[in-house]
Amino acid sequence: MSTHPSQIAASALVDRLPVTLPRLHEMKRLGDPIVMVTAYDFPSARAAEAAGVDVVLVGDSGAMTVLGYPSTVGVELDEMLMLARAVRRGLRTPLLVGDLPFGSYEVSDEQAVATALRFIKEAGCDAVKLEGGGPTSCARARAIVGAGIPVMGHVGLTPQTATALGGYRAQGRNADAAARIAAEAVALQDAGCFSIVFEAIPSDVAALIMQRIEVPVIGIGAGPSTDGQVLVFHDLLGIREGLGARFVKRYANLQDEMAAGVAAFAGDVRTRRYPAPEHGYGIDSQELAAFAERSRA
Ligand code: KIV
């Protein structure tokens with residue numbers, strides 16, 4: 001009998017140690033690609049755990065993928081914490097990063113630290129992520145790191161401020177814009193971020209910025225030079241309508257499979273093929289007779 005590759009992977013994971021910040025730095029040093037996915041609930045966390053990914057991000061993309069908001073802007077801190085707690089319950093080994101939602105960290109360093117603390121204490125996250133590399137984001141990152149909480153930065157296309165960036169489009173496509181992103185990445189590193197996400201920037205720009213960054217960089221639409229790659233769970237598994245961004249590679253079409261499964265159930269109910277005898281519970285014939293007798297009384 002042949003062994004399926006997923007069985008090999010599953011057995012190799014049995015003794016997997018929790019992923020730590022030093023482990024991520026070691027992976028960068030060794031040139032081992034870092035795998036990150038988003039997750040928003042218990043089943044997606046279990047899938048990430050079973051697949052042996054290194055980092056799980058409870059992304060504010062969950063606003064759109066699981067909560068149905070039109071963008072990431074409207075999601076509330078309490079909603080993000082609820083998603084993060086569900087993910088925590090499903091994870092053992094990957095590093096768990098909680099995404100600070102728009103409006104939960106910009107106002108002051110105190111607000112940023114208080115929000116980050118809630119992700120750590122109430123949701124069991126190991127670290128938090130914030131968007132942007134300008135003076136405000138860097139100050140907030142420094143304050144959170146100062147409070148003892150690891151911070152992941154995020155430059156390039158930062159969806160929380162997509163309107164100010166001119167929409168959901170690649171960033172850094174001229175020399176000035178590329179230099180701005182490079183300066184932001186270096187500033188986040190100097191502020192103490194343990195890792196940085198590069199989103200939707202030209203591959204050649206990312207490769208040049210990589211020469212100046214010592215912390216692990218996770219790319220999404222930033223080409224092959226980054227230390228790792230991240231995709232949104234629902235994008236890579238096709239749990240969505242439409243194709244999504246250019247950088248998305250789709251590994252399954254679960255939205256179609258889910259719709260087909262529910263349609264098959266609906267068809268079975270309407271044609272009385274479900275439930276079949278094997279889906280019901282039995283009762284001893286004497287007990288049934290006694291009950292029928294009582295029902296007549
Ligand atoms: O919210 C999110 O899913 C993200 C990733 C795309 C990095 O920020």
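Any value given below was found using the heavy atoms of this structure, including those in side chains, with hydrogens, waters and symmetry copies removed.
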Would you give me the side-chain donor-acceptor pairs under 3.5 Å for residues 232-240, sequence neighbours excluded?
{"unit_1": "Asp235", "atom_1": "OD1", "unit_2": "Arg240", "atom_2": "NH1", "d": "2.8"}
{"unit_1": "Arg240", "atom_1": "NE", "unit_2": "Gly242", "atom_2": "O", "d": "3.3"}

Rounded to the nearest 0.5 Å, what separation is found between the [atom1] atom of [X] and the [atom2] atom of [Y]?
X: Asp227; Y: Asp32; atom1: CG; atom2: CG; answer: 10.5 Å
X: Cys138; Y: Asp190; atom1: SG; atom2: CG; answer: 8.5 Å
X: Leu208; Y: Ser225; atom1: CG; atom2: OG; answer: 8.5 Å
X: Leu21; Y: Glu26; atom1: CG; atom2: CD; answer: 13.5 Å
X: Ile201; Y: Thr226; atom1: CD1; atom2: OG1; answer: 9.0 Å

Which side-chain hydrogen bond (donor to acceptor under 3.5 Å, both in side chains) pairs, counting each pair once, include a residue from [range], with sequence neighbours left out?
range: residues 161-178; result: Thr158-Thr161
range: residues 251-264; result: Arg250-Asn253
range: residues 197-207; result: His154-Glu199

Distance-only criterion, 3.5 Å: show the donor-acceptor pairs between side-chain atoms of residues 217-224 and protein atoms not counting sequence neighbours.
none

Listing request: all salt bridge (Lys or Arg N to Asp or Glu O under 4.0 Å) pairs with a residue in residues 270-279, at least two apart in sequence or in separate chains.
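Checked against salt bridge (Lys or Arg N to Asp or Glu O under 4.0 Å) - neighbours excluded - the pairs reaching residues 270-279 are Asp268-Arg273.
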Suppose the criterion is salt bridge (Lys or Arg N to Asp or Glu O under 4.0 Å): which pairs have a residue in residues 69-85, not counting sequence neighbours?
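Applying salt bridge (Lys or Arg N to Asp or Glu O under 4.0 Å) to every pair that reaches into residues 69-85, excluding sequence neighbours, yields Asp78-Arg118.
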With a 4.5 Å cut-off on side-chain heavy atoms, are [Y] and [X] touching?
X: Ile213; Y: Ile209; value: yes
X: Leu95; Y: Leu24; value: yes
X: Leu188; Y: Val215; value: no

Can you sort out the partners of [X] under side-chain hydrogen bond (donor to acceptor under 3.5 Å, both in side chains), two or more places apart, ordered by chain and number?
X: Thr72; result: none
X: Ser137; result: none
X: Gln189; result: none

When the ring planes of Phe265 and Tyr274 are compared, do they come out parallel, tilted or perpendicular, using 30° and 60° as the limits?
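Taking Tyr274 first and then Phe265, their aromatic rings stand perpendicular (interplane angle over 60°).
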Distance alone, cut at 3.5 Å: any donor-acceptor contact between the side chains of Ser61 and Tyr40?
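On atom types as modelled, these side chains qualify, holding a pair under 3.5 Å.
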Please find the pair of heavy atoms, one from Gln111 and one from Ser108, that lie closest to each other, and give the distance.
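Residues Gln111 and Ser108, closest heavy atoms: N-OG, 3.0 Å.
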Closest contact, heavy atoms only, Ala48 versus Val56:
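Closest approach of Ala48 to Val56, heavy atoms only: CB-CG2, 3.7 Å.
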Under 3.5 Å donor-acceptor pairs involving side-chain atoms of residues 285-297, not counting sequence neighbours:
{"unit_1": "Glu293", "atom_1": "OE1", "unit_2": "Arg296", "atom_2": "NH2", "d": "2.9"}
{"unit_1": "Ser295", "atom_1": "OG", "unit_2": "Phe291", "atom_2": "O", "d": "2.8"}

Output a table of donor-acceptor pairs, distance under 3.5 Å, between side-chain atoms of residues 97-104 and any protein atom two or more places apart or on a different chain; print 'none' if there are none.
{"unit_1": "Asp99", "atom_1": "OD1", "unit_2": "Lys129", "atom_2": "NZ", "d": "3.1"}
{"unit_1": "Asp99", "atom_1": "OD2", "unit_2": "Asp60", "atom_2": "N", "d": "2.8"}
{"unit_1": "Ser104", "atom_1": "OG", "unit_2": "Pro101", "atom_2": "O", "d": "2.7"}

